Structures are given as structure tokens and as C-alpha cells.
**Q** 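Handing you this structure, nothing more for now.
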Amino acid sequence: MHTPKADPRPSLYYPYRVYSPWLPSSAKGQPQSCTVAIVGAGPAGMVTALMLAQHGVASVLLNAECQVSEGSRAIVFTRRSMEILQQVGVAHRVVASGLPWRFGNSYYRGRAVFRLEAPYDPDDRFFPMTNLQQQYLEEYLLDACAAEPLIEMRWGNKVTAVAQARDLATLSVDTPEGVYEMRADWVVAADGGRSGIRAALGLSMEGASYEGRFVIADIRIDLPLPTERLAYFDPDWNPGNTILMHREPQGIWRIDYQLPETESVEEALRYESLKARIDAQLAMIGFAETPWELDWSSVYSARTLTLADYWHGRVLFVGDAAHLLPIFGVRGANTAFQDAQSLGWHLAMVAKGLTPESLLSDYSAERVGAAREIIDEAGKSTRFMTPPTAGFRLLRNAVLSLSLTQAFVRPLYHWRTSRPHAYMQSRRNSPGDDDALFQSGPGHGDPPKNVHIGPNHYLLDHLASVFTLLYFSQSSPLPQSLTEVVEKHRNRGMPIRVLIVGSAQNNFGDNQVVADDSGRVRQCYGIAADGAGYLLRPDQHICARWLTLDADRLDVALRSALPEKR
Ligand SMILES: Cc1cc2nc3c(=O)[nH]c(=O)nc-3n(C[C@H](O)[C@H](O)[C@H](O)COP(=O)(O)OP(=O)(O)OC[C@H]3O[C@@H](n4cnc5c(N)ncnc54)[C@H](O)[C@@H]3O)c2cc1C
């Protein structure tokens, strides 16, 4: 019998709400079945559910706990994550309560040695980074799920086993009333880093785990410092190690420091140990007298691990269940959003019977490719933050000491922030389009480029979670021959929206228009003449583009973007 924690988790600033568990008796003995069962209502599970719902696919979210996650956990959300959160309708809430930022400072032995400046141009709706505690983000996603009739949330339901047949999976779900069985056409394993589903299927991950361990301590303190990422290398009070500091909303600061190799987790999390180190850090930055209170603390170590395949029969892995990435460079939750956005449309198209199941191998290949790229990048940051061997330590120390006098080594401090993966090798990219002929603009597999169109008005505001044909024309609607191709694919169920990037002055018939009177969208997308086009997938990545669009090549691209079921 599963007994989820019934008391609200402790917090100085976040009022945890405990939800009532879903009990099998409420189903009055009805057999339990669903199209998609999502195991785990963390960020990955909830964004997947919201994406599926946008395609009309119902899901049941099963969550072991009865409240959102403990502690701030992921606190830095990237611009791309914000664009994904805009797609599922919660970005405005993150903007309203989060802290935007774009600068970072690195110090070595008390001296400032590197200032990070994340690019931010007027075409960006969102800042490069926004700080917000994970509990708030989960709360906003929960509210969005609650408002969606196609999503059913079952709190206090812990999946304990999964059995697979050819075309369905059966989950054993433990509740405060005992176990019931749930049949699902598809199971999304979004059950986090310690995924029980991954263990139940006997899957192991590839990659490396690093020895270095870090304490995360969230404290409430009034520090008159801007929202910037602060990194202190080799400070006097913790020689050879690294300390990171981040401002969070609600007057909270995260202090993140490396532990000596021999210290146990229990010792590290003892209040007296935490206090001594936090006091030392505050003293070092000139705030020894400022009072503070501890909110939450935890210990983590860096891992760069991924499953080699995210698709196993009726089960698909997403988020931390699929991979474990170091948090340096803010990769955990930010990568989970990109997985969920991708899985949402791939699985929806399969679940609706619009395309062969083999589309799911594209989800897996694309996101495993992303994880491997991240692992490669994150491995470099991790080896710098926590050198795994004497050789790496020697190299790092050389960089640190040289940086005091030599400007050329300072960029090595750059922590390689999480960035969206480009699906350049995707099988969804169209053969025979004009991708190679473009001089500029986002190409095959790239995420879209946002463009400022007017006051509080951006190109991505117009993109829904469907395939989007951007047709560039100043004066005329989509030609009849292209309209017929679009209609043909709509008739087989493919969700497609046509957007004319044109002028507010002209009449484009039934076509929706993005007014581009300044020509900025055309400029950003490398368009010189009318009649050009871009095809975007439901996750907004580019899969085809043409300098001059014609009916035959549009047909090829749409067939390649969503293969037809025979
Ligand atoms: C201590 C800590 C600090 C972190 N700090 C950062 C950070 O600073 N920056 C960053 O980017 N990332 C950080 N992360 C990582 C980040 O929190 C995760 O990457 C992110 O939460 C992944 O989301 P997810 O939905 O995949 O998994 P999770 O958020 O872990 O969600 C999994 C969900 O599945 C549920 N579940 C588990 N097992 C079952 C089951 N058998 N049945 C039903 N439900 C189940 C859990 O209750 C949970 O709700 C941190 C993580 C931890 C643990």
C-alpha cells in the first residue's frame, strides 16, 4: 500500500499544497484504460501531457507524491525553455514571477577574471535566462493541466510494475487503497532520475559519473546584488574548490559549493557544517553581518548519462528518466522541456494513427542525439568545475592562475549554457528543397528565430503546436496550387496552419497574415523575394525552406515531415 507524504513540505517561502490522492474506489470497479499513461508529473510529464492535449490526445498523469517537488531544484530557465512554455501557455506566469538576467561574473582568489554576457537582441521576447524555483514552475504547469479536459491527474498513484504486450502496456499502480491495473496504448516514463520504469525494463545508461559532490543551500537573505550568476574559484575558505551563487525570487539565494572528497553527505548537510560554510562565503563577499535563514539543502554530483534509445515497445522515456545531465549550464529541466515538446507531437501523430509507429524512432534518434551533444559540452564544463583527475586539475589550475594576467585564457571560464539542439540530420527534413541555397536564416533542423514585429508582438506568438507553412508574400494570398496541396494533407489529418508573412495593407483572403511591413521577418529568414516559404514542425524546428515554393516540392516536404500510414 503506497502512502504518500500527507504533510506539506517545509519551506520559508513556498506554501505547499497537498492534493487528495486518486483512489481506485472512485472508479466504481470500472476497468482502467487510457491512450497515454504518463508516469511522473514533473516538468517533463506535464509538458508532454499539455503538448499531447494540443493535438487532441488524452492522457492520465500518475504521480507518486501528492505535492510538487521538494526544494527549488531547477532554478534557471533558458530562452528556448520560455518559448516552449509559451507554447503550453505558462510563460507569462514565469515572466511575472521570475528574475530575468544575462550576465555572469567569475572570480579567482577574490579577483574578477571573466564576465559572461549572454546575447540578447530586440527580436527576443524572453531574456537569455529567467530564475524561478521549480515548485512555482510545476504549479503553473499543474494549473494549465487542470484547465485541460484531456488531462487527468492522479495524485498519490505510484507505478510499481509495467508489463508489455504487442499493442498495449499494463501498469500496476499502487495507491493508499492498494494496487489497481491500468492499461495504456502508450506509456511515457517521466518518472525522473531514479526512474523505476527504466529499472523495470532492465535498461542501463551510457556515459560517465563524476566524483565531485556539491551542496546546494537555499537561504533567505537580503543581499543588495543584481541578478547575475556568480562563480568563485579557489576561494580562501574552500581552497581548490568552486562556489556558485544565484539570486532566486522571494528573497532567496542559492549557494552551491563543492565538498572535500572525504566528507559524508550527512556531515555536509548538518546545520553547523552548512552554517560555517555559508557564513564563510558571505564574509568573503562582504556580508558577514547580514542575517540569513536556511530554507533547503541537498547534495548532488554531476553525471553525464543517457539511455541509447528512448523508445522501448509501448514505453517512451523523457526528461531525467531518459538522461541525467549535470546542472552546470542549466541542462536538467531545460533539456526535459525540449524532450517533452518533441515527444508530444511525435507521439500524438502516432497515437492518432496518422503516421507509422516508426516516427517514434525519430523522436528517440533526435533527442538521444541532443543528449549526446549536451553530454559532450557539459562534460567540458563539469571537468572544469570538478576536475576528475590530477591532469585535469593541473590544467584547470593553470587556466585559473594564468587568467589573472592573461586575457586570452579567460573565455575558458565560459560555462557553455544549454542551447537547443538543431536536428540537422533529421529524416523529417525535406529532400530537394532550397535549404542549401539560402544565405541566411534558420536552416534544416534549427529552432525558429523569433522576430519583433510590433509592441509586445513577436513572430513566435503566431506559432501553434501544428505544422506551420510560412509563405512570404507582400501582396497575394497562397496560390491555388499550394492551397490544394495543403488541403490534401489536411484531409489526411495532418495539422497544418498557413501564415502569410505579408503586409497589413493588402487582402490575403482566408489566409492568416503576419504583418511584416518593416521587412524584419523577411530579413531574419533570408528572404529576398515574394513566393518563398518555410515549413516548421509542431515543435517549431525548421524542416524545409524554399526560395520559390511550388506545389510539387511542398507536397514532397509535407509527406516527408509526416509520413503517411499505409
Ligand atoms: C537536488 C536537485 C537539484 C537540482 N538542481 C537543478 C538546477 O539547479 N538546475 C537544473 O536545470 N536542474 C536541476 N535539477 C534537475 C531538475 O530538477 C530535473 O532535471 C527536472 O526536474 C527533470 O524533470 P522530470 O520531469 O524529468 O523529472 P522530475 O522532476 O524528477 O519528476 C519526476 C516525477 O515522477 C514522479 N515519480 C517518480 N517515480 C514514480 C512512480 N513510480 N510512479 C509515479 N510517479 C513517479 C515523482 O514524484 C516526480 O513528480 C536538480 C535536481 C535535484 C534532485
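Each ligand, and each atom within it, is numbered from 1 in the order the structure gives. None of the values given here were measured: they were computed from a predicted structure.
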**Q** Using heavy-atom distances, let me know which of Gln67, Arg73, His246 sits nearest atom 50 (C) of ligand 1.
**A**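 Considering heavy atoms of Gln67, Arg73, His246, the nearest to atom 50 (C) of ligand 1 sits in Arg73.
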
**Q** Could you say whether the N/O atoms of Val39 and ligand 1 ever approach to under 3.5 Å?
**A**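 Not met; the criterion fails.
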
**Q** Taking both backbone and side-chain atoms of Asn334, is any N or O found less than 3.5 Å from an N or O belonging to ligand 1?
**A**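 No; every N/O pair is 3.5 Å or more apart.
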
**Q** Please state whether Leu62 comes within less than 4.0 angstrom of ligand 1, counting heavy atoms only.
**A**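 Yes.
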
**Q** Give yes if a backbone or side-chain nitrogen or oxygen of Gln134 is under 3.5 Å from a nitrogen or oxygen of ligand 1, and no if not.
**A**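 N/O-N/O distance below 3.5 Å exists for this pair.
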
**Q** I want to know if ligand 1 touches Ala64 in the polar sense, i.e. an N/O pair below 3.5 angstrom.
**A**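 In this structure, Ala64 places an N or O atom under 3.5 Å from an N or O of ligand 1.
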
**Q** Can you list the ligand 1 atoms lying under 4.0 Å from a non-hydrogen atom of Glu65?
**A**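 Answer for ligand 1: 47 (O).
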
**Q** Name the orientation class of the two ring planes belonging to Tyr423 and His541 (parallel below 30°, tilted from 30 to 60°, perpendicular beyond 60°).
**A**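 Tilted.
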
**Q** For Trp292 and Asp222, which I'm curious about, is there any donor-acceptor pair between the side chains at under 3.5 Å?
**A**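 There is no such pair between these side chains.
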
**Q** Report, one line per pair, each donor and acceptor closer than 3.5 Å where one atom sits in a side chain of residues 166-173; sequence neighbours left out.
**A**
none

**Q** Report yes or no: do Asp309 and Ser364 form a side-chain donor-acceptor pair below 3.5 Å?
**A**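 A pair is found: one side chain offers a donor N or O, the other an acceptor, under 3.5 Å apart.
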
**Q** Thinking salt bridges, do Arg79 and Asp124 make one under a 4.0 Å N-O criterion?
**A**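 Salt bridge flag = yes for Asp124 with Arg79.
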
**Q** What part of Ile216, side chain, backbone, both or neither, has a heavy atom within less than 4.0 angstrom of ligand 1?
**A**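 The part of Ile216 near ligand 1 is the side chain, not the backbone.
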
**Q** For ligand 1, is any non-hydrogen atom under 4.0 Å from Ser195's backbone (N, CA, C, O), its side chain (CB onward), both, or neither?
**A**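 No part of Ser195 is near ligand 1 at this cut-off.
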
**Q** Less than 3.5 Å between some nitrogen or oxygen of Val159 and one of ligand 1, yes or no?
**A**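 Yes, Val159 has an N/O under 3.5 Å of an N/O on ligand 1.
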
**Q** So which of Ala41, Pro43, Gly192, Ala37 gets nearest to atom 29 (O) of ligand 1, if we judge by its closest heavy atom?
**A**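 The nearest heavy atom belongs to Pro43.
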
**Q** Should you measure from each heavy atom of Ala74, which atoms of ligand 1 turn up under 4.0 Å away?
**A**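 Reading through ligand 1 atom by atom, the close ones are 5 (N), 6 (C), 7 (C), 8 (O), 9 (N), 10 (C), 11 (O), 12 (N), 13 (C), 17 (O).
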
**Q** Under 4.0 Å, heavy-atom basis, I'd like to know which part of Arg254 is in contact with ligand 1: side chain, backbone, both or neither.
**A**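 Near ligand 1, Arg254 shows its side chain, while the N, CA, C and O stay back.
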
**Q** Going by the angle between their ring planes, with limits at 30° and 60°, are Tyr14 and Tyr136 parallel, tilted or perpendicular?
**A**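 Tyr14 and Tyr136: perpendicular rings.
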
**Q** Report yes or no: does Ala333 have a heavy atom closer than 4.0 Å to ligand 1?
**A**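 Yes, that is the case, since the closest heavy atom of the residue is under 4.0 Å from the ligand.
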
**Q** Determine, using heavy atoms of Leu325 and all atoms of ligand 1, whether some pair is separated by less than 4.0 Å.
**A**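 No, that is not the case, since the closest heavy atom of the residue is not under 4.0 Å from the ligand.
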
**Q** Heavy-atom contacts with Gly319 under 4.0 Å: which atoms of ligand 1 show up? List them by number with element.
**A**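 Answer for ligand 1: 26 (O).
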
**Q** Regarding Glu65 and Lys5, does a basic nitrogen lie under 4.0 Å from an acidic carboxylate oxygen?
**A**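 Result for this pair is no, no salt bridge flagged.
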
**Q** If I compare all heavy atoms of Leu294 with all of Ala217, which pair ends up nearest, and what's the gap?
**A**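 Of all heavy-atom pairs spanning Leu294 and Ala217, the closest is CD1-CB, 4.2 Å.
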
**Q** Quick one: look at Asp320 and ligand 1, take heavy-atom pairs under 4.0 Å, and tell me if it's side chain, backbone, both or neither.
**A**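 Both backbone and side chain of Asp320 come within 4.0 Å of ligand 1.
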
**Q** Whether the Gln281 and Trp237 side chains hold a donor-acceptor pair (N or O, under 3.5 Å, no angle test) is what I'd like checked.
**A**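 Checked: Gln281/Trp237 side chains pair up, N/O donor to acceptor below 3.5 Å.
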
**Q** May I ask you to check whether Asn450 and Arg125 show a side-chain donor-acceptor distance below 3.5 Å?
**A**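 No, no side-chain donor-acceptor contact under 3.5 Å.
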
**Q** Just which atoms of ligand 1 are under 4.0 Å from any heavy atom in Trp296?
**A**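 Near Trp296, meaning under 4.0 Å from one of its heavy atoms, ligand 1 has 1 (C).
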
**Q** Kindly list each side-chain donor-acceptor pair under 3.5 angstrom involving residues 42-64, sequence neighbours excluded, with atom names and distances?
**A**
from	atom 1	to	atom 2	distance (Å)
Thr48	OG1	Ala44	O	2.7
Gln54	OE1	Ser465	OG	2.3
Gln54	NE2	Gln87	O	2.7
His55	NE2	Ser465	O	3.0
Asn63	OD1	Ala41	N	2.8

**Q** Any non-hydrogen atom of Ala190 lying under 4.0 Å from ligand 1?
**A**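 True for this residue.
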
**Q** Are any side-chain N or O atoms of Asp191 and backbone N or O atoms of Ile197, one a donor and one an acceptor, separated by less than 3.5 Å?
**A**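 Yes, because the side chain of Asp191 sits within donor-acceptor range (under 3.5 Å) of the backbone of Ile197.
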
